[in-house]
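Chain A is the first sequence line, chain B the second, and so forth, proteins listed ahead of strands; every chain is numbered from 1. The figures that follow rest on heavy atoms only: side chains count, while hydrogens, waters and symmetry mates do not.
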There are 2 protein chains.
Amino acid sequence: MATPGTDTGIVYRADCPSRPILDQIADKWSMMIMAVLDRPRRFNDIKRRLEGVTQRVLTQTLRRLERNGMIERRVLPTSPVGVEYSLTSLGESLREPFGHLYDWTTAHADEIQKCQQGYDERS
Amino acid sequence: MATPGTDTGIVYRADCPSRPILDQIADKWSMMIMAVLDRPRRFNDIKRRLEGVTQRVLTQTLRRLERNGMIERRVLPTSPVGVEYSLTSLGESLREPFGHLYDWTTAHADEIQKCQQGYDERS
DNA sequence: CGGTATCCAGTCCGATACTG
DNA sequence: CAGTATCGGACTGGATACCG
């Protein structure tokens, strides 16, 4: 047995406050939506920028982000009606960590693909 | 209509290289596993630290992380057999962006909870 | 335009049992 | 210890239709 006293690693207990939050925000579409909201944008504008997202999923994700205080939903008094989504200051503050993650993915995309190929050939 | 020339926001095309990567790594368990791997750890050690994860899901997630080159799997010549997981240098480089995200969640946990309460009461 | 409602297929996930 | 195999239910996501 290893000396117990030296083992000080993280333990993610079920009641760890960051766990439910990661559940809510650390998914693909949430991150892409927030990346796209560099300024207020309307529903279909967002939809066009996230190639492949369905209306249903986009609506659901926007609702969840709104509930979590990341974005704000504003109905425009136009005809026909328009709806504009924008980042709150809370959401704005999340763009930076998300940005780091995004930068990391673009920087290491090739390396990851090579790892996958190697793994698949081995197995 | 807004002046088209000024609209330079991000568009996440389907062939954007970061999208499949986010699919693979931006999930709850992956992030928690990598946070826990501050040093090489064995399967059940990891399992104990991620309260609530099932053996099945942990195995699947570890396999995917291994395939993507984030972690390394090493069978220990012990009896009974042991298996040790550790971060690769690629995985190590991801801990920093993940760390930022984690710090953000802990820093804003209260604020998010209040937003959720407000939203739920309004609706 | 920006949704909601409904249906349905595919996927995920937990529980359980078994193995080298 | 560290898995694999299997099964059934829950949840998710896509397609479609319809609405204010």
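For the pair Q60(B) CD and dT11(C) P, the computed distance is 13 Å after rounding to whole Å. The distance from atom CG of L58(A) to atom C1' of dG14(D) is 14 Å, rounded to the nearest whole Å. Taking atom CD on Q55(A) and atom C1' on dC19(D), their separation rounds to 12 Å, with Å as the unit. Per the geometry, CZ belonging to F43(A) stands 5 Å off P belonging to dG3(C), to the nearest Å. Rounded to whole Å, the distance from CG on L62(B) to P on dT4(D) is 10 Å. The CG-P distance, from D23(A) to dT12(D), rounds to 11 Å in whole Å. What separates CZ of R41(B) from P of dC1(D) is a distance of 16 Å, to the nearest Å. For the pair R48(A) CZ and dC1(C) C1', the computed distance is 10 Å after rounding to whole Å.
Map R56(A) and N44(A) each onto its nearest nucleotide of DNA chain C; the residue landing nearer the 5' end is N44(A). Checking R42(B) against T54(A), the closest nucleotide of DNA chain D that is more toward the 5' end is the one next to R42(B).
Which of dG14(D), dC13(C), dG3(C) sits closest to the side chain of R63(A) comes down to dG3(C).
Residue V83(A) is classed as a sugar-phosphate contact, given heavy-atom separations below 4.0 Å to backbone atoms only. Counting any heavy atom pair closer than 4.0 Å across all strands shown, V81(B) reaches a base atom.
Taking the charged nitrogens against the carboxylate oxygens, E51(B) and R13(A) do have a contact shorter than 4.0 Å, which makes a salt bridge. A salt bridge links E84(A) and R74(A); the closest N-O separation between the charged side-chain nitrogens and carboxylate oxygens is under 4.0 Å.
Side-chain N or O atoms of D45(B) include none that pairs as donor or acceptor with a backbone N or O of R41(B) at under 3.5 Å.
Using bins of under 30°, 30° to 60° and over 60° for the plane-to-plane angle, the ring pair Y85(A)/F43(A) lands in the tilted bin.
For the atom pair F98(B) CZ and M32(B) CE, the distance stands at 11.5 Å (nearest 0.5 Å).
Between Y85(A) and dG3(C), a side-chain N or O to OP1/OP2 separation shorter than 4.0 Å is present.
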